[in-house]
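Read through the structure below, which is laid out as structure tokens, and then see the notes.
For ligands, and for the atoms within them, numbers begin at 1 and follow the listed sequence.
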Amino acid sequence: MKELIPGQLILIEHFINANTAQQHFEELQSETAWFSDTITMFGKEFIQPRLINFQGDPGLSYVYSKKEYTTAIWHPSVLSIKEAIEIQFRNKIQFNCVLMNYYRNGSDSMGWHADNEPELGENPSIASLSLGGVRVMNIKNKKSKRLTKISLNPGSLLLMKGAFQENFIHAIPKTTKPVPPRINLTFRQIKKGL
Ligand SMILES: O=C(O)CCC(=O)C(=O)O
Ligand SMILES: [Fe+2]
């Protein structure tokens, strides 16, 4: 376990072993109802360069790039990964949903953002598990503008917590290198009744 930014960013490189990570990648690639997400900018609709799915406890909804999504039922493997992560953190952190991202190739990406939606509450803990191809995450300090790059290997778990979303923005940049497809699961806790 590496504390990359004290109190804000933790990386566990081999949370899931390589074989199991590959099995999860293959089953989730084929068994998830992936869909494309659109974002409206300047009155125009743009297709986001990746596929997504949103799963979780029944009846939750999440506003993401100005659209409201309701949860699909948990895939059993996703649910078991969620429980393993909660146990890793001695059940002090609990999740009730997951945003799943599927990066088909190096042209798929995620732009700069902070996961600071109001329904996540203050100082949210978000656990991000990577499967499939290795991609780089860029992390930028909002004040100093200092840029950090980390490689997210299959089976690795990144925990964003504390004031991370307040102090930093993050992105998955496009790459011209040939990269295998990648799936990322970001487990979140949505506070109800906001
Ligand atoms: O794909 C990743 O590693 C990052 C995903 C992410 O930042 C998000 O879903 O908010
Ligand atoms: Fe994010």
Quiz item: Should the pair Lys2-Glu13 be classified as a salt bridge under the 4.0 Å nitrogen-to-oxygen rule?
Solution: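 Salt bridge flag = yes for Glu13 with Lys2.
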More than 12 heavy atoms of other residues, nucleotides or ligands under 6.0 Å from [atom1] of [X]: yes or no?
X	atom1	answer
Leu4	CG	yes
His14	NE2	no
Ile47	CD1	no
Glu122	CD	no

Quiz item: Judged by non-hydrogen atoms, does His113 sit under 4.0 Å from ligand 1?
Solution: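 The answer is yes: ligand 1 sits under 4.0 Å from a heavy atom of His113.
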Can you tell me which residue and heavy atom of the protein come closest to [atom], and the distance to 0.1 Å?
atom	value
atom 6 (C) of ligand 1	Met110 SD, 3.4 Å
atom 9 (O) of ligand 1	Asn101 ND2, 3.0 Å
atom 3 (O) of ligand 1	Arg182 NH2, 2.8 Å
atom 1 (O) of ligand 1	Tyr103 OH, 2.6 Å

Practice problem: Would you mind telling me which of Ile93, Ile85, Leu11, Ile126 makes a side-chain contact (heavy atoms from CB on, under 4.5 Å) with Leu159? | Solution: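 Exactly one pass, corresponding to Ile93.
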Exercise. Would you please indicate yes or no on a ring centroid separation below 6.0 angstrom for Phe35 and Phe54?
Key: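 Ring-ring flag for Phe54/Phe35: false, centres at least 6.0 Å apart.
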Quiz prompt | Any N or O of Asn184 closer than 3.5 Å to N or O of ligand 1 | solution =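 Min N/O separation from ligand 1 is below 3.5 Å for Asn184.
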Self-check item: ligand 1 versus Ile126: contacting region, heavy-atom distance under 4.0 Å
Solution: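 No part of Ile126 is near ligand 1 at this cut-off.
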Quiz item: Out of His170, Arg188, Met160, who gets a non-hydrogen atom closest to atom 8 (C) of ligand 1?
Solution: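 It is Arg188 whose heavy atom sits nearest to atom 8 (C) of ligand 1.
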Ligand-residue contact atoms, ligand 1 with [X], heavy atoms, under 4.0 Å:
X	value
Met137	3 (O), 4 (C)
Leu152	3 (O)
Asp115	10 (O)
Thr186	5 (C), 8 (C), 9 (O)

Quiz item: In degrees, rounded to 10 degrees, what angle do His113 atom NE2 and His170 atom NE2 make at the Fe ion (ligand 2)?
Solution: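 Approximately 90° at the metal, rounded to tens of degrees.
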Practice problem: Applying side chain to side chain donor-acceptor pair (under 3.5 Å), run through His75 and Glu31 and close with a yes or a no. | Solution: CA-CA 8 Å; His75 184 287; Glu31 293 169 20; 2.7 Å; yes
Quiz item: Are Phe95 and Ile16 grouped together when hydrophobic residues (ILVMFWY) are joined by side-chain heavy atoms under 4.5 angstrom apart?
Solution: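 Linked within one cluster.
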Quiz item: In Asp115, the N, O or S atom nearest to the Fe ion (ligand 2) is which?
Solution: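 Of the nitrogen, oxygen and sulfur atoms in Asp115, the Fe ion (ligand 2) lies nearest to OD2.
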